[in-house]
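All remarks here apply to the structure that follows.
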Amino acid sequence: MIGLTRSPDKTDTADPAVKTDISVLPLAPKNPLRYRERLRCLRVFHTGVETLRDAGGPVTRLQLAPTWLMPPIVIATSPQGGRDILGRSDTFTDRTNVHHELRHLLGPNLFTLTHQPWLPRRRALQPVFTKQHVRAFGGHMAQAAEMVATSWGDGADVDLDAACRRLTLRALGRSVLGVDLDERADAIAEPMRVTQEYVADRGLRPVRAPRWLPTPARRRARAAAAALRQIADDILRSCRDDPSRDAPLVHALIAATDPATGAGLSDEEIRDELIVFMLAGHDTTSTVLTYALWALGHHLDLQDKVRAEVADIGDRELTPADLPRLGYTTQVLHEALRLCPPAAVIGRTAMRDVAVNGYRIPAGTTLVYGIYAVHRDPALWENPLAFDPDRFSPDNCAGRDRWQYLPFGGGPRSCIGDHFAMLEATLALATLIRRIEIRSTDDDFPLAVPFTTVAAAPIRARVSAHTSLPTRHAAGPALTDQP
């Protein structure tokens, strides 16, 4: 494998205080499922990894083709495995084929860059996404949620997924990009879908057609990428032409510099970051918000607790300053993120021999951490399929292994936009529940993972204007979100 070397140092660990002699460790055990079952599981990033875990344990190895054609895959589904894969420096692990394909299609950005060029980019962008700064980005989310809530007629049947996608896109455009994306919703959503499906499909293929070959799928993906680049270029150009334009994220990217070198970002680099921010910020926030609303629509007693909490703030527009008073609403979102994490899996490539959960992983191996499987593991969570926001009360969180719950990843390359996503989702959820009552009509929440986790079908509910806060009985049996 080009660029992969075995370290002369035989010691390795994600914890620098502990030294492990890799040479004495065994290889991860092979998964016992039949070849076709293993292949089928790898095509379903969420439930498939659970099946591989149940058959092969918390660390399991798959060899689907000769090593010269396709590297072995090691899947970890334990907190220690997450620490060993994600918690170490990228000199040990780095990007996978999926990241490389996305970088080739959309340009280098914080998500796809390999370790060395990633370091200065992360240094430059980190100050933009601190808790203090992202509060300036979230001002329009409550307004967008109010508009959505008032647009629903009393007793209307709605698709929560479609509504949350419109809401998130509207807030994203108005609060951070300085543009109205309502009229361009389809022009953005379709290129996003085409791009993600193409990258995920090509990145996982053991044999890939050369990039110069003009296949129909490649032509569609390139056209989608060009459309996204044009939108990002237009946004950036409008801010360059009008420095007073209300587009805090764009202006922050224009002003960003690497504190170590003083170097700023070129317009091309800003454009590439805007594209990945639209991709990540749209899907992740809308899906977790959809899931939270769907779950509350089945647990009206929990919905009332959110409504009572926001009612204490008063009947005014919510702002980022209200977040400390929305503790239970935040717990609801954490529970939604546990059951519906934005990334069902996170992949890395072992750049040298590493130790994962007591096993030796040779350089060149594809490492997969199954976040979805860990979040639903009955060995780690009591009654894991039940929707219970109290799991994330301060008392219940105390002492929990931090690598057991990773909705935004972990380690040096955890999601830089996690504060922004939680800010937006909290303001939106509180605003919607204050104005409307939701009764979910679908018992299941089908999921798909073309790239990030999304709803696989419309999520239907009946909404009505909220008039009073009735006393509810406790929720019934736990619901599942699989068909």
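Taking the six-membered ring where the residue is Trp, H46 and Y372 present perpendicular rings, their angle passing 60° and hence far from 30°. Using a 30° and 60° split on the angle between ring planes, F420 and F277 fall in the tilted class, from 30° to 60°. Aromatic ring orientation, W381 versus H375: perpendicular (interplanar angle above 60°, classes split at 30° and 60°). Relative orientation of the F392 and Y405 rings is tilted, given thresholds of 30° and 60° on the angle between their planes.
Salt-bridge check for R40 with E37: failed, with every basic side-chain N at 4.0 Å or more from each acidic carboxylate O. Salt bridge status for R165 with D161: present, with a side-chain N to carboxylate O gap under 4.0 Å. Ion pairing between a basic and an acidic side chain is recognised when a charged N comes within 4.0 Å of a carboxylate O; R229 and E268 show no such pairing. Residues R391 and E335 are paired through a salt bridge, judged by an N-O separation under 4.0 Å between the basic side chain and the carboxylate.
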Using the rule given for side chain to side chain contact (heavy atoms under 4.5 Å, CB included), can you reason through L160 versus R460, listing the C-alpha separation, both sets of side-chain angles and the distance that settles it, and then say yes or no? CA-CA 6 Å; L160 293 175; R460 291 176 290 270; over 6 Å; no
Is there a salt bridge (charged side-chain N to carboxylate O under 4.0 Å, His left out) between R376 and E50? Walk through the geometry before answering. CA-CA 9 Å; R376 291 161 171 260; E50 285 187 300; 5.3 Å; no
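R53 pairs in a side chain to side chain contact (heavy atoms under 4.5 Å, CB included) with only one of the listed residues (N31, V374, D377, V59), which is D377. Remark: of the listed residues L427, D322, L429, L429 is the sole one forming a side chain to side chain contact (heavy atoms under 4.5 Å, CB included) with T329.
If you take SG on C164 and CG on D159, they are separated by 9.0 Å, rounding to the nearest 0.5 Å. Between T114 atom OG1 and L119 atom CG the span is 9.5 Å, to the nearest 0.5 Å. Going from atom SG of C340 over to atom CG of L289 covers 11.0 Å, rounded to the nearest 0.5 Å.
In the model, N357 has a side-chain atom that pairs as donor or acceptor with a side-chain atom of S78 under 3.5 Å.
Looking at heavy atoms from C-beta onward, L447 lies out of side-chain contact with V454 at the 4.5 angstrom threshold. Contact of the F408 side chain with the M422 side chain is registered, since non-hydrogen atoms from C-beta on lie closer than 4.5 Å. The shortest distance between side-chain heavy atoms of H419 and T130 does not fall below 4.5 Å. Annotation: side chain of L62 is not in contact with side chain of P72 (no heavy-atom distance under 4.5 Å). Within the 4.5 Å cutoff, side-chain heavy atoms of C239 are placed close to those of H251.
Here salt bridge (charged side-chain N to carboxylate O under 4.0 Å, His left out) pairs that include residues 102-125, with residues two or more places apart or in two chains, are R121-E269, R121-E273, R123-D258.
Around atom CZ of R36, no more than 12 heavy atoms belonging to other residues, nucleotides or ligands sit under 6.0 Å away.
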